[in-house]
Amino acid sequence: MIDIKFLRENPDVVRASQKGRGEDAAIVDLVLKSDEARRLALNEFEVLRAEQNSLSKLVAAASNQERNGLLENSKTLASKVKEADIKRGELEELTKSQAMQLSNILDPAAPIGKEEDFVVIEHVGTPRTFDFEAKDHIELGKLLGAIDTERGTKVAGSRSYYLTGAGAMLEFALVNYAIASALKVGFTPVIPPVLVNPAAMEGTGFLGQAAENVYHLEKDDVYLVGTSEVPLAAFHMDEVLPVEKLPIRYAGYSSCFRREAGTYGKDTRGIIRVHQFDKVEMFSFCHPDQAKEEHKRLLQWEKDFLNAMEIPYRVIDVASGELGSSANRKFDIEAWMPTQNAYREVTSTSNCTDFQARRLNIRYKDAEGTKTVATLNGTLVAIPRMIVAILENHQNADGSVNIPKALQSFLGKDRFELV
RNA sequence: GGAGGGCUCGCAUAGUGGCCGAGUGCACCGGUCUUGAAAACCGGCAAACGAAAGUUUCGUGGGUUCAAAUCCCACGCCCUCCGCCA
C-alpha cells in the first residue's frame with residue numbers, strides 16, 4: 001500500500017505511475033474523494049465522542065437527582081456517536097480497499113512498457129558453441145539419473161519431478177554454497193514455515209492479482225507459500241525495528257509452491273516451470289534512503305552466484321508492465337539455456353520500498369519518530385532452473401556434466417558421470 | 001479429540017462497570033551524591049493518528065450500557081492435565 005499522504009500531495013505522480021504500469025489511473029481520484037470524506041467523518045466522530053466522554057464524567061460525578069437529567073442527553077448523544085462511528089468505519093474501509101488497489105509507485109528509472117520492453121543492462125560471459133549436438137536437461141537428467149519427470153507425473157501429476165542421485169546431491173551442493181556465501185556477507189540463515197496464515201499472505205501482497213497461483217488449504221485456512229519472501233517479510237510483522245540494526249538481512253531456504261494457473265502449454269517439458277521447488281531467497285529490511293543501494297547489492301550477490309556457476313547470463317531491467325504490484329523496480333538475471341537458444345529467467349530482485357512494509361506494519365524508529373522501513377528481496381538460487389542451466393551449459397559430448405569449481409568441494413568430485 | 005487456566009504499557013504483575021490510558025516492581029533514560037562505580041534518593045518512561053483540541057488502543061471481532069480492561073458471545077494464541085500418535 002502506498003502512503004496516502006503522499007498520494008494527497010502528489011496525485012499526478014501516482015496517476016503517471018499507474019499509467020506507466022498499464023493500470024487504472026482513475027483509482028487515484030476515487031481514493032482522493034473517499035479519503036476526503038473519511039477525514040470529515042473521522043473529525044465528526046471525534047468531536048461527538050469527546051462530548052460524550054466529558055458528559056460521561058459528569059454523570060459519574062453527579063448526585064442521583066442530577067443524574068437523570070444528564071442521562072437524557074447522554075442517550076441521544078450515544079446514538080449520534082454510534083451513527084458517526086459506523087459512517088467513519090465504512091469510509092475508512094472504502095478508502096483502504098481503494099488505496100490497496102494502487103500498485104507501488106514506479107522508480108522513474110524503470111523502463112516503461114510491456115513485457116518485451118525490458119532493457120538489457122549487461123551481458124556476462126559468452127554462450128558456448130558446441131562441437132556436438134547439445135542435449136537438453138531432460139535427456140541429461142535421465143542419463144545422469146538426476147531427474148525423473150515420468151515418475152514425478154505418475155505420483156504427483158503434471159509439472160512434478162523427482163531429483164534423484166546426482167540431482168539430489170546437486171541441490172544440496174547449491175544450497176550449501178548459497179548459504180555459505182550468504183553467511184559471508186552477513187545474512188542470517190532462516191528455515192521458515194511454508195504454511196502461513198491469511199494475514200501473512202495478504203500483507204505480502206500475494207492475495208491480489210497473484211491469488212490464483214497460490215495453494216490454499218481451505219479446511220484450515222492456511223496457504224502454501226510460493227516463495228519464502230512471504231514468511232521472511234512477515235517475520236517482523238507489527239514490529240518496530242531499531243534503526244541502528246538496519247539493514248537486517250535474512251537468507252531463507254524453503255520449498256515453494258505454485259499453481260501455475262494460466263500457463264498451460266508453457267514450458268510443459270522438464271523442470272523449468274514446476275509446482276514445487278526449493279529456493280534460497282535473500283530478504284532485506286532497510287532504511288528507505290538505503291533501498292536503492294541495497295537493491296544493487298542484492299543484484300551483485302545474484303551475479304556473484306551465476307559467475308561462480310560459470311554460466312553466461314544477461315541482466316535485464318524489467319519493464320513497468322511486468323513488475324509485481326509491490327515492486328517499484330526489478331532486475332532479472334537470465335541464464336543462457338543452450339538447447340532453447342535463449343536467455344531464461346533464473347533469479348529476480350525487487351525493490352518494494354515501503355509498500356510491502358506499510359501493509360505488514362513494519363517500522364523503524366529514529367530521533368525523528370517512527371517510520372515505515374523498506375523491504376527488498378532477491379533470489380540467490382532457485383534450484384530447478386539452476387540445475388537446468390548447469391546441466392545444459394556444462395555438458396560433454398557423452399552426456400557427462402562438468403561441475404563448476406565452486407561446487408566441487410561440496411560434491412567431492414568434478415564431474416557427474418552417466419549411470 | 002476431552003477438561004481446565006491464561007492473554008493488561010520492554011519484562012513481571014495489580015486492577016470485577018464511572019475517581020483507569022491504567023497502579024506497583026524490575027529494566028531503561030536523566031539528575032543528586034561519589035575520586036569512579038554500586039547503593040540510596042529525585043525525576044522521566046507504551047503506542048498510533050492529528051496543526052491543535054482531541055481521538056483510538058488492556059489478544060481479535062461483535063454485543064449490552066449514558067459509560068467496558070472489568071459484563072455477554074464468537075474466534076485466535078499460550079499453558080496444564082487426560083486420550084491418541086510418535
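Just so we're on the same page: letters track the sequence lines, and every chain starts at 1. Small disclaimer: the values here were computed from a predicted structure and weren't measured.
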For [Y], is there any backbone N or O sitting under 3.5 Å from a side-chain donor or acceptor partner on [X]?
{"X": "A/Gln18", "Y": "A/Asp24", "answer": "yes"}
{"X": "A/Asn213", "Y": "A/Ala261", "answer": "yes"}
{"X": "A/Arg329", "Y": "A/Thr349", "answer": "no"}
{"X": "A/Asn10", "Y": "A/Phe6", "answer": "yes"}

[N]: pairing nucleotide in any strand, Watson-Crick or G-U under 3.5 angstrom:
{"N": "B/rC71", "value": "B/rG63"}
{"N": "B/rU34", "value": "none"}
{"N": "B/rU80", "value": "B/rA3"}
{"N": "B/rA46", "value": "B/rU57"}
{"N": "B/rG17", "value": "none"}
{"N": "B/rC26", "value": "B/rG10"}

I'd like the [atom1] distance from [M] over to [N], given in whole Å.
{"N": "B/rG5", "M": "B/rG21", "atom1": "P", "value": "29 Å"}
{"N": "B/rC72", "M": "B/rA68", "atom1": "C1'", "value": "11 Å"}
{"N": "B/rG15", "M": "B/rU70", "atom1": "C1'", "value": "8 Å"}
{"N": "B/rG61", "M": "B/rU57", "atom1": "C1'", "value": "14 Å"}
{"N": "B/rA48", "M": "B/rA14", "atom1": "C1'", "value": "26 Å"}
{"N": "B/rC71", "M": "B/rU24", "atom1": "P", "value": "24 Å"}
{"N": "B/rA27", "M": "B/rC11", "atom1": "C1'", "value": "7 Å"}
{"N": "B/rG44", "M": "B/rC9", "atom1": "C1'", "value": "15 Å"}

In whole angstroms, the gap separating P of B/rG76 from CG of A/Asn197 amounts to 12 Å

Taken to the nearest whole Å, CG/A/Leu58 to P/B/rC19 is 13 Å

When A/Phe235, A/Tyr250, A/Tyr253, A/Phe283 are each screened for side-chain contact (heavy atoms from CB on, under 4.5 Å) with A/Val190, the one that passes is A/Tyr250

A/Tyr313 meets the ring-ring contact (aromatic ring centres under 6.0 Å, His included) criterion, sequence neighbours left out, with none

Given protein heavy atoms under 4.0 Å, the one-letter contact record of nucleotides 46-66 of chain B, with B base, S sugar-phosphate only and - none, is simply -SS-S--BBSS-------S-B

Residue set satisfying salt bridge (Lys or Arg N to Asp or Glu O under 4.0 Å) with A/Glu36, at least two apart, ordered chain then number -> A/Arg39

